[in-house]
Amino acid sequence: MHRRSSQMMFNETFVNTKESLKCSHLISELIAKQLKPHTIGENLIIPACRIIARTMFGHEQKIMKIPLSDNTVSRRIYALSENIEKSVSFSIKETRFSLQLDEATDISGMAHLLAYIRFVYSGKITEQFLFLLASFNYTTQPIDMFMILNDYFNIKNISFANCIGICTDGTPSMSGRINGLVSLVKSKNNEIISSHCFLHR
């Protein structure tokens, strides 16, 4: 009898822990999508959930078991983004895709290259964020942005041969015929079709 009781307590603890971790991941994903500070989980969401649970159900014990500290949310978001990146990288290795690229320099002088990707997966057109890469070693010069993209493709084992289109904001650094980023990408695959993002026109 004692052994069965201990087993039941262990199973209940395991289920509660599993549910708590699932809640932690789902709430962290929500925080990331809403672009909220990571501290909002600990400072607002958990207290609000405690009030709701206490008022509606008369207890709040399980709510306190959900890990949502600042560092925990950061780790969850990082793990989720890594998982998405791995999934997208795997999906596009054997299929054709198109890219949308944008570049910017922040107030600290760090150059950023932002990439979205569109491809067909399971018979459906899928759009997904691919990466946001930044480095003090790079500038917004076309050759530097191309090196960021090329290095990323090499690391992820993605082939330019599968790229069929590239969309940019139309700036000279992006779409210049000789030294623009588009022309450098086309040196890897001259069949790539380039286009100008209609939002920037």
Evaluation steps, side chain to side chain contact (heavy atoms under 4.5 Å, CB included), between Lys62 and Phe57: CA-CA 12 Å; Lys62 288 187 177 182; Phe57 310 111; over 6 Å; no
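- Taking the six-membered ring for Trp and thresholds of 30 and 60 degrees, Phe119 and Tyr121 have ring planes more than 60 degrees apart, a perpendicular arrangement.
- With values rounded to the nearest 0.5 angstrom, His25 atom NE2 is found 11.0 Å from Leu68 atom CG.
- If you take CD1 on Ile45 and SG on Cys23, they are separated by 11.5 Å, rounding to the nearest 0.5 Å.
- A 4.5 Å side-chain heavy-atom check between Lys93 and Val88 finds every atom pair outside the cut-off.
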Candidate pair Phe131 and Leu114, rule side chain to side chain contact (heavy atoms under 4.5 Å, CB included), full reasoning: CA-CA 6 Å; Phe131 66 71; Leu114 179 71; over 6 Å; no
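- Taking the side chain as every heavy atom from C-beta outward, Leu101 and Cys167 never approach each other to under 4.5 Å.
- Shown here for Ile77 and His38, the closest heavy-atom pair between the two residues is CD1-NE2, 3.5 Å.
- Put simply, Leu44 and Ile66 are part of the same group of oily side chains (I, L, V, M, F, W, Y) that touch within less than 4.5 Å, one to the next.
- Atom OG1 of Thr55 sits about 9.0 Å away from atom CD of Glu60, to the nearest 0.5 Å.
- Scanning all heavy atoms of the two residues, the minimum distance from Ile63 to Cys49 falls at CG2-CB, 3.8 Å.
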Intermediate values then yes/no, salt bridge (charged side-chain N to carboxylate O under 4.0 Å, His left out), Glu85 and Lys156: CA-CA 10 Å; Glu85 184 182 34; Lys156 300 297 181 181; 3.7 Å; yes
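- For Glu191, the CD atom is loosely surrounded, since the number of other residues' heavy atoms within 6.0 Å does not exceed 12.
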Full working for side chain to side chain contact (heavy atoms under 4.5 Å, CB included) between Ser24 and Thr72: CA-CA 8 Å; Ser24 179; Thr72 300; 4.0 Å; yes
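- Cluster annotation: Ile164 is not connected to Ile166 through the hydrophobic network of ILVMFWY side chains, with a link wherever side-chain heavy atoms come within less than 4.5 Å.
- For the pair Ser81 (side chain) and Tyr78 (backbone), a donor-acceptor distance under 3.5 Å is present.
- A 4.5 Å side-chain heavy-atom check between Cys163 and Phe97 finds at least one atom pair inside the cut-off.
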Check against side chain to side chain contact (heavy atoms under 4.5 Å, CB included), Lys22 and Leu26: CA-CA 6 Å; Lys22 184 177 181 180; Leu26 292 173; 4.0 Å; yes
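- Between the Asn154 side chain and the Asn150 main chain, a donor and an acceptor come within less than 3.5 Å of each other.
- Residues Tyr152 and Ile158 approach most closely at CE2-CD1, 4.3 Å, considering heavy atoms.
- Put simply, the side chain of Gln100 does not reach to within 4.5 Å of the side chain of Thr168, judged on heavy atoms.
- Side chains of Ile117 and Glu127 form no contact here, defined as non-hydrogen atoms less than 4.5 Å apart.
- Both Met145 and Ile192 are members of a single hydrophobic cluster when ILVMFWY side chains are connected at heavy-atom separations under 4.5 Å.
- Between the side chains of Arg118 and Thr126, no donor N or O sits under 3.5 Å from an acceptor N or O.
- When side chains are defined from C-beta on, Arg50 counts as touching Met64, because their heavy atoms get closer than 4.5 Å.
- The shortest non-hydrogen separation linking Asn162 to Ile92 is ND2-O, 4.0 Å.
- In this structure, Leu99 and Phe153 approach most closely via the heavy-atom pair CD1-CZ, 3.9 Å.
- Distance alone, capped at 3.5 Å, is enough to place a donor-acceptor pair between the Asn189 side chain and the Phe160 backbone.
- Both Ile143 and Val185 are assigned to one and the same hydrophobic cluster, defined by single-linkage of ILVMFWY side chains at heavy-atom distances under 4.5 Å.
- The main-chain N or O of Ile84 is never found under 3.5 Å from a side-chain atom of Ser87 such that the two would form a donor-acceptor pair.
- Looking at heavy atoms from C-beta onward, Asn83 lies out of side-chain contact with Leu80 at the 4.5 angstrom threshold.
- Atom CZ of Arg96 sits in a sparse spot, with 12 or fewer heavy atoms from other residues, nucleotides or ligands closer than 6.0 Å.
- The minimum heavy-atom distance linking Glu42 with Asp70 is given by the pair OE1-N, 3.9 Å.
- Around CG of Leu132, the count of heavy atoms belonging to other residues, nucleotides or ligands within 6.0 Å exceeds 12.
- Contact check for Ser20 versus Pro67: side-chain heavy atoms found under the 4.5 Å cut-off.
- Ring geometry, Phe129 versus Tyr116: the interplanar angle exceeds 60°, so the pair is classed perpendicular (tilted spans 30 to 60°).
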